[in-house]
Amino acid sequence: MDPREQLRIYLEQRRETGETELVLDRLSIDEVLRIIAGEASVARGTAVAAAEAAERVHPTSARAADPGTGDWRSALLGAGVPQPGGGHKPSAMPPAAMPVSAPQPPPVEPAKPAGIPRMAFPQPGHESESAAAVVEFKTGLVVGAADTQLFDSPFAHLESLDAIAETVKSCTRCPLYATATQSVPGEGNPNADLVCVGEAPGANEDATGRPFVGEAGKLLTKILEAIKLSREEVFICNVLKHRPPGNRNPLPTEVEACSPYLVRQLELIQPKVIVAFGTFAAQTLLNTKSSLSQLRGLVHRYYGTSLIVTYHPAALLRNPAWKRPTWNDVQLARRVLDSARQGP
Ligand code: URA
Ligand code: URA
């Protein structure tokens with residue numbers, strides 16, 4: 001597809017979801033739409049010329065792009081659209097393809113709660129040197145003992161994810177069912193090693209009954225791809241199973257009513273790693289008021305399961321500067337997953 005057309009469609013979608021800024025460039029959507037409509041003098045030549053120029057400037061990003069879609073950022077650059085701060089700054093996590101083999105970024109310096117012991121995990125790929133090659137992950141909060149039943153869950157009788165989904169469908173434990181179109185119980189691999197937990201369904205999720213299918217969801221899919229996981233391999237769900245009207249923040253009463261479903265889902269799946277996307281999921285699962293920046297970069301334990309916290313993909317759409325730290329976080333999740341798969 002013509003990269004300009006691709007970009008136009010993308011921007012229209014973003015505008016529909018209420019965004020006003022381009023993810024990577026501090027240009028307004030209207031400004032960029034004017035540029036690609038040829039109203040600005042910076043737009044020159046054909047889309048093909050733009051793409052060719054982009055290929056010269058950023059051969060790898062253009063090559064890495066999905067061949068069916070082209071790389072709209074390269075096209076923009078090729079069309080001479082000025083980049084913020086002068087030069088072109090490569091994205092930490094370009095939508096087309098994240099740099100899976102990129103050099104390791106500088107280590108995150110996380111807040112470390114005092115007095116919490118460090119925990120050792122074996123390093124992946126060094127079985128023969130087991131004792132010597134031990135990677136230490138900084139351990140964070142510990143919620144629940146590994147060998148306890150998660151809760152006296154009101155849903156202990158629900159023996160499968162499908163049974164949970166069925167129950168959620170007709171749930172009236174909080175008033176959200178009345179304003180939502182349908183429930184969004186979550187989806188994915190019932191035997192997933194990694195579970196992604198978000199906040200609550202948005203408009204797209206409410207309309208489809210599926211988690212993370214809007215713009216944030218597309219970004220989540222790319223984040224997973226960056227650590228070589230597909231949506232089908234993992235399980236994706238939210239703390240709340242019905243959409244709060246107007247995407248308002250969930251109320252404590254709603255969380256209290258709904259979170260047992262999440263707990264039961266985790267109990268049945270028994271993943272090796274949980275990734276909490278956003279403050280809300282993190283604070284709910286870890287039962288803490290600590291900020292996201294305090295919780296990031298650590299490996300928490302949730303009833304014996306490693307839990308890693310990162311930014312919500314919707315927040316990344318608003319603030320692209322958080323893509324790099326998110327990249328670090330999901331790399332950490334990947335390393336913990338690899339270690340856990342390798343066994344003790
Ligand atoms: N945001 C979320 O937290 N969850 C979704 O499913 C979609 C958007
Ligand atoms: N709006 C939605 O409904 N879902 C998303 O994931 C993002 C925006």
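Read the numbers this way: they start at 1 and go in the same order the structure lists the ligands and their atoms. Remember, predicted model here, so these are calculated numbers, not experimental data.
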Response to the item:
Quick note, ring-ring contact (aromatic ring centres under 6.0 Å, His included) partners involving residues 214-257, not counting sequence neighbours, are none

Worksheet entry | Proximal atoms of ligand 1 relative to His312 (non-hydrogen, under 4.0 Å) | 1 (N), 2 (C), 3 (O)

Worksheet item: For ligand 1, which part of Glu205 has a heavy atom less than 4.0 Å away: the side chain, the backbone, both, or neither?
Response: side chain

Worksheet entry | Enumerated ligand 1 atoms positioned under 4.0 Å from heavy atoms of Asn238 | 2 (C), 3 (O), 4 (N), 5 (C), 6 (O)

Fill in: Ring center gap for Tyr261 and Phe155 short of 6.0 angstrom
yes

Worksheet item: Is there a donor-acceptor pair under 3.5 Å between the side chain of Arg210 and the backbone N or O of Val213?
Response: no

Discussion item. Tell me every residue that passes side-chain hydrogen bond (donor to acceptor under 3.5 Å, both in side chains) with Glu256, counting only those two or more places apart in sequence or in another chain.
Written reply: none

Worksheet, complete the sentence: Counting from 1 in the order shown, the ligand 1 atoms closer than 4.0 Å to a non-hydrogen atom of Glu199 are 2 (C), 3 (O)

Item to complete: From the options Pro211, Ala200, Ala216, Gly186, select the one whose nearest heavy atom is closest to atom 5 (C) of ligand 1.
Response: Ala200

Practice prompt. Taking the six-membered ring for Trp and the single ring otherwise, decide whether the centroids of His300 and Phe137 are under 6.0 Å apart.
Written response: no

Item to complete: Taking only heavy atoms of Gly198 into account, list the atoms of ligand 1 that are under 4.0 Å away from them.
Response: 3 (O)

